[in-house]
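All chains are named by letter (A, B, ...) in the order of the sequence lines, taking the proteins before the strands, and each is independently numbered beginning at 1. These numbers were taken from a predicted model, which means no experiment stands behind them.
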2 protein chains.
Amino acid sequence: MGTIDNPRVQELSQILKALGHPTRLFIIEEIAKQPACVCELKERIGADTSTVSKHLSILRNAGLVDIQKAGTMVYYSLSCSCVEDCIQALYPLIKLKQKRYSDMLQ
Amino acid sequence: MGTIDNPRVQELSQILKALGHPTRLFIIEEIAKQPACVCELKERIGADTSTVSKHLSILRNAGLVDIQKAGTMVYYSLSCSCVEDCIQALYPLIKLKQKRYSDMLQ
DNA sequence: TTCTTATTTGGCAATTTAACCAATAAGAAA
DNA sequence: TTTCTTATTGGTTAAATTGCCAAATAAGAA
């Protein structure tokens with residue numbers, strides 16, 4: 001591909017890609033409310049611990065989450081509340097899509 | 001996987017996933033400035049026309065872009081300016097990451 | 001009509017992703 | 001120490017993604 005090697009675009013797309021998975025987005029929304037450890041998240045998600053851990057490492061690599069260790073447990077938290085703003089910003093689009101869909105049915 | 005079948009999360013993650021690719025993010029930023037046709041975008045990206053067209057169809061499926069046909073050309077535009085807000089919202093995170101990286105080097 | 005241009009679609013190969021299980025590491029408790 | 005718990009890493013497999021080429025489609029122009 002004729003690469004787009006703009007570092008800002010690369011950086012942004014890495015972050016957005018990390019957010020672009022239902023499980024990871026769910027994790028983000030959970031820890032935005034309250035930091036949580038892997039075992040808590042695993043319960044809420046219903047996937048294998050290793051699966052959850054790997055999703056968390058992707059979020060960590062993207063800089064979206066921070067960790068704090070407490071004994072054997074690792075608590076994950078949101079690194080920047082701006083991530084919530086990013087998600088919230090998309091609601092008008094979702095609303096628009098819903099409207100277009102219901103209009104289409106008429 | 002123990003599915004997270006929250007439709008809101010599914011919807012949001014589809015949108016974020018579509019944004020999570022450098023080429024598609026580049027396209028979004030380009031057409032946010034000014035609507036553009038496939039051939040214009042292809043030139044700026046430097047990929048095959050079919051590649052660009054497929055990226056555009058992913059963006060279209062996510063509801064991120066609209067089209068307007070003009071003769072044989074198809075002009076793509078941003079469906080909602082909130083997408084720009086979504087991207088902008090992430091700048092504090094990028095700044096934070098930069099700061100952490102430079103702190104780490106000391 | 002035929003030719004040309006713009007775009008989309010089909011098909012394929014290479015790469016990446018995502019899920020699980022198993023094994024390992026790091027602490028805490030017995 | 002050993003044992004138990006929590007989390008991460010390695011390995012494997014199936015599915016999805018991405019890119020290009022080639023073929024098909026669509027809309028004008030000649």
Fill in: Separation of C:dA18 C1' from A:F26 CZ (nearest whole Å)
18 Å
Worksheet item: Counting N and O atoms only, with roles assigned by atom type, does the side chain of B:S79 sit under 3.5 Å from a partner on the main chain of B:G63, one being a donor and the other an acceptor?
Response: yes
Worksheet, complete the sentence: Across all chains, not counting sequence neighbours, the side chain to side chain donor-acceptor pair (under 3.5 Å) partners of A:S53 are none
Worksheet item: Once you round it to whole Å, what is the distance between P of C:dT8 and CG of B:L41?
Response: 11 Å
Worksheet item: Which residues satisfy the side-chain contact (heavy atoms from CB on, under 4.5 Å) test with B:T72, sequence neighbours excluded?
Response: none
List every contact pair, protein side and nucleotides 21-24 of chain C side both N or O, where the distance is under 3.5 Å.
from	atom 1	to	atom 2	distance (Å)
C:dC21	OP2	A:D48	OD1	3.4
C:dC21	N4	A:S50	OG	2.8

Response to the item:
Besides B:I58, the hydrophobic cluster formed by Ile, Leu, Val, Met, Phe, Trp and Tyr side chains linked at under 4.5 Å, directly or via other members, contains none
Per-pair distances, 0.1 Å, donor-acceptor, side chain in residues 81-94 of chain B, under 3.5 Å, sequence neighbours excluded:
from	atom 1	to	atom 2	distance (Å)
B:Y91	OH	A:R8	NH1	2.7

Discussion item. Suppose we screen for side-chain contact (heavy atoms from CB on, under 4.5 Å). Which residues come up paired with A:T49, at least two apart in sequence or across chains?
Written reply: A:V38, A:K42
Worksheet item: Who pairs with B:V74 by side-chain contact (heavy atoms from CB on, under 4.5 Å), at least two apart in sequence or on another chain?
Response: B:I67, B:K69, B:Y76
Worksheet item: Between atom CG in A:L56 and atom P in D:dA7, what is the gap in whole Å?
Response: 10 Å
Item to complete: For D:dG19, take OP1 and OP2 only and decide whether either is under 4.0 Å from a side-chain N or O of B:H55.
Response: yes
Worksheet item: How close or far is atom P of C:dA18 from atom CG of A:N61, stated in whole angstroms?
Response: 13 Å
Discussion item. Let me confirm one number: the CD1-CG distance from B:I27 to B:L19, rounded to the nearest 0.5 Å.
Written reply: 11.0 Å
Discussion item. What is the distance, to the nearest angstrom, from the CZ atom on B:R60 to the C1' atom on C:dT8?
Written reply: 11 Å
Discussion item. Going by the rule side chain to side chain donor-acceptor pair (under 3.5 Å), which residues pair with B:N6 if we only count those two or more places apart in sequence or in a different chain?
Written reply: none
Worksheet, complete the sentence: A:H21 NE2 to D:dA15 P, in whole Å, measures 15 Å
Practice prompt. Using a cut-off of strictly less than 4.0 Å between a heavy atom of the residue and any atom of DNA chain C, enumerate the qualifying residues of residues 66-76 of chain B by number.
Written response: B:T72, B:M73, B:V74, B:Y76
Worksheet item: Which comes earlier along DNA chain C counting from the 5' end, the contact point of B:S57 or that of A:K17, where each point is its nearest nucleotide?
Response: B:S57
Discussion item. As a test of your reading of the structure, name each stem of DNA chain D as range with range, where a stem is three or more consecutive Watson-Crick or G-U pairs at under 3.5 Å.
Written reply: C:1-30 with D:1-30
Per-pair distances, 0.1 Å, donor-acceptor, side chain in residues 11-18 of chain A, under 3.5 Å, sequence neighbours excluded:
from	atom 1	to	atom 2	distance (Å)
A:E11	OE2	B:K97	NZ	2.5
A:S13	OG	A:V9	O	3.0
A:S13	OG	A:Q10	O	3.1
A:Q14	NE2	A:N61	O	3.4

Fill in: Atom-pair distance (CG on A:L59; P on D:dT8), nearest Å
12 Å
Discussion item. Can you tell me if B:K42 touches the phosphate of C:dT7, counting only side-chain N or O atoms and a distance under 4.0 Å to OP1 or OP2?
Written reply: no
Item to complete: Output the single nucleotide from C:dA19, C:dA18, C:dT7 whose closest atom is nearest the side chain of A:R24.
Response: C:dA18
Worksheet item: Apart from B:Y101 itself, what residues make up its hydrophobic cluster when side-chain heavy atoms of I, L, V, M, F, W and Y under 4.5 Å apart count as a link, directly or indirectly?
Response: B:M104, B:L105
